[in-house]
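Chain identifiers are assigned alphabetically (A, B, ...) following the order of the sequence lines, protein sequences preceding nucleic acid strands; residue numbering begins at 1 within each chain.
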Number of protein chains: 2
Amino acid sequence: MAGRTRRPERRQEPLSRESIVSAAVELLDTAGESGLTFRALAERLATGAGAIYWHITGKAELLAAATDAVVAAAVAIEPTDPPGSPQDGIRAVALGLFDAVEEHPWLAAQLATQLPRGPEGTVAPRIFEGIGRQVRALGVPEGGWFTATSALMHYILGAAGQNAANTASAGALGPDVDRTEFLDAVSTAWERLDPDDYPFTRAVADQVRGHDDREQFLAGIGLILAGITAIHSLTP
Amino acid sequence: MAGRTRRPERRQEPLSRESIVSAAVELLDTAGESGLTFRALAERLATGAGAIYWHITGKAELLAAATDAVVAAAVAIEPTDPPGSPQDGIRAVALGLFDAVEEHPWLAAQLATQLPRGPEGTVAPRIFEGIGRQVRALGVPEGGWFTATSALMHYILGAAGQNAANTASAGALGPDVDRTEFLDAVSTAWERLDPDDYPFTRAVADQVRGHDDREQFLAGIGLILAGITAIHSLTP
DNA sequence: GACAATGCTGGAACGCCGTTCCATGCTGGC
DNA sequence: GCCAGCATGGAACGGCGTTCCAGCATTGTC
């Protein structure tokens with residue numbers, strides 16, 4: 001046995017939880033969810049896998065920390081200079097999350113499956129608070145706060161996730177397939193469905209072509225806001 | 001080299017795509033998403049990994065096929081004997097998906113991240129059709145079909161996913177932790193948040209305790225239905 | 001009836017993953 | 001100067017998805 005190889009010099013900047021999480025987010029953004037491996041992370045940080053485990057329990061905690069960091073940044077951009085209407089406030093929070101998921105597609109899976117992760121999780125309250133304050137400002141009576149805020153949160157997470165999945169799906173079709181081509185392909189495929197089994201889907205297939213995702217997303221928010229104001233007899 | 005070991009007898013029932021997918025769903029249901037491995041699947045089918053690959057391209061296709069099978073069964077239970085109101089029809093489809101996700105928690109991740117997967121996917125049209133027919137029956141004008149159906153679908157997928165994640169999270173706290181205890185823990189944790197950062201979340205913490213998930217889910221559906229009828233000036 | 005061609009099977013092997021282990025170096029208190 | 005103990009990083013382990021391929025069963029051809 002020839003013993004261990006020579007020791008490298010000690011690093012100047014010590015490892016830290018933050019630097020690891022930050023590198024993890026970069027890796028997730030550039031290489032996708034499957035690109036975040038401890039080996040790639042160790043290489044990027046010029047260290048070994050064992051050193052990372054000194055600061056982080058495992059991959060689950062790493063993903064949770066990365067999610068928390070990105071969501072915290074996304075919901076922090078609220079305080080519009082002139083306060084604006086509560087409706088606009090909700091739209092701002094919603095778009096912040098929508099854009100965050102679009103920018104970091106790996107977020108969708110985390111928010112869909114890991115959001116609560118025990119009572120200690122800080123991501124869920126962060127989102128809930130951001131939306132809830134605007135619901136309260138809307139004039140919804142206290143008894144309806146939970147229902148209205150939950151409904152908005154679920155819609156936002158669902159729509160943002162589907163949108164991210166669509167974007168990923170378009171990219172998977174080919175690196176140079178743009179959005180228009182992808183929507184066209186989906187629309188065409190839907191038009192070719194069995195007329196007996198899918199009459200409705202065939203009928204709306206044309207509306208898929210060329211629609212704007214953010215616009216559709218906001219239209220859905222508008223639908224829920226209309227429902228909230230109608231049910232609580234608020235002035236819109 | 002001693003050559004391969006003795007050949008086992010040939011199987012009686014031949015492998016088939018359906019039997020593989022069916023075994024995969026059982027494995028997912030009993031052992032969770034991480035329990036579906038080609039080794040476990042091969043053992044359950046009394047075969048080797050290579051034989052499975054003759055029928056299925058890879059794990060992605062296996063998960064897609066399992067998802068398709070379960071969703072198809074979930075949205076197929078529509079035709080209520082007396083036709084009923086379109087609102088009830090939407091609630092029925094929504095609850096069908098909600099319950100399917102609750103029964104198969106692994107569905108949440110699939111629906112959140114893999115739903116469209118190219119124009120060939122059949123899961124998305126299936127869900128879209130199920131909801132959309134009821135939207136049409138509601139009297140929504142054709143221009144609003146796509147927006148209303150999309151909004152409902154996104155809400156349903158988001159809410160069902162969050163609910164499944166909550167259930168999983170409660171189970172992870174301990175095998176004998178029931179729903180009430182879990183909600184209590186979340187509520188207590190939310191009440192202990194910083195009053196300056198989380199005033200709204202603290203205020204609704206008590207409403208978390210003891211709420212019913214299905215009821216909340218339906219309340220959200222009701223909110224969106226109210227919004228649809230209000231925006232299109234329909235008689236509810 | 002003999003024999004090649006083909007369809008399907010299942011076990012071994014490959015490369016990569018998350019995680020654990022541990023010899024080693026560095027640093028602050030004495 | 002010395003020693004505890006924090007921190008490091010590379011090797012090693014078991015398990016994963018996937019690929020490869022030798023061998024049986026069936027079919028088609030003469």
Side-chain angles (χ1 to χ4, degrees), chain A residues 1-21 23-24 27-28 30-67 106 109-110 113-114 117 172, chain B residues 1-21 23-24 27-28 30-67 106 109-110 113-114 117 172:
Chain A
M1 282 221 270
R4 307 301 179 103
T5 52
R6 50 111 185 79
R7 285 272 120 190
E9 305 161 20
R10 192 131 255 234
R11 52 174 49 262
Q12 293 88 0
E13 297 279 322
L15 275 181
S16 71
R17 206 185 130 89
E18 300 104 74
S19 64
I20 292 174
V21 170
L27 219 41
L28 284 165
T30 56
E33 190 152 9
S34 67
L36 177 63
T37 71
F38 276 82
R39 282 166 178 80
L41 199 55
E43 190 182 5
R44 177 176 279 249
L45 293 166
T47 180
I52 297 174
Y53 274 89
W54 184 260
H55 300 274
I56 296 270
T57 310
K59 191 158 191 183
E61 190 194 329
L62 188 56
L63 279 168
T67 302
W106 50 273
Q110 296 307 306
T113 62
Q114 309 291 336
R117 271 296 158 261
Chain B
M1 280 221 272
R4 304 301 178 104
T5 53
R6 48 112 187 79
R7 286 271 120 193
E9 303 162 19
R10 191 131 261 235
R11 50 175 49 262
Q12 291 87 358
E13 297 279 322
L15 276 181
S16 70
R17 205 184 131 91
E18 299 103 74
S19 64
I20 293 173
V21 170
L27 219 42
L28 284 166
T30 56
E33 190 154 7
S34 67
L36 177 64
T37 69
F38 275 82
R39 283 167 178 79
L41 199 55
E43 190 182 4
R44 177 176 279 250
L45 293 167
T47 180
I52 297 174
Y53 275 88
W54 183 260
H55 299 275
I56 297 269
T57 310
K59 190 159 192 181
E61 190 193 329
L62 187 56
L63 279 168
T67 303
W106 50 271
Q110 296 307 308
T113 63
Q114 308 291 338
R117 271 299 155 262

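- Following rounding to the nearest Å, F38(B) (CZ) and dC14(C) (C1') show an atom-to-atom distance of 16 Å.
- Once rounded to the nearest 0.5 Å, the distance linking CG of L27(B) with CG of L45(B) reads 9.0 Å.
- The side chain of A51(B) has dG10(C) as its nearest neighbour among dG18(C), dT8(D), dG10(C).
- On a pure distance criterion of 3.5 Å, a polar donor-acceptor pair joins the side chain of R39(A) and the base of dG18(C).
- Among residues at least two apart or in separate chains, ring-ring contact (aromatic ring centres under 6.0 Å, His included) pairs with a member in residues 34-65 of chain B are F38(B)-Y53(B).
- Where I52(B) and T37(A) each meet DNA chain C at their nearest nucleotide, the meeting point lying more 5' is that of I52(B).
- Look at CD on E33(A): it is 20 Å from P on dC16(C), rounded to the nearest Å.
- If you check dC17(C), dT20(C), dT18(D) against the side chain of A49(A), the one that comes closest is dT20(C).
- Of all nucleotides listed (dA11(D), dC16(D), dT9(C)), dT9(C) comes nearest to the side chain of W54(B).
- At a threshold of 4.0 angstrom between heavy atoms, the contacts of L36(A) are confined to the sugar-phosphate backbone, with no base atom among them.
- Which of dT9(C), dG9(D), dT20(C) sits closest to the side chain of T47(A) comes down to dG9(D).
- Taking the side-chain hydrogen bond (donor to acceptor under 3.5 Å, both in side chains) definition, one finds that S19(A) meets it with S16(A), sequence neighbours left out.
- In this structure, L41(B) reaches neither bases nor backbone, as no heavy-atom distance under 4.0 Å exists between it and the strands shown.
- The structure places OG1 of T47(A) at 5.0 Å from CG of L15(A), a figure rounded to the nearest 0.5 Å.
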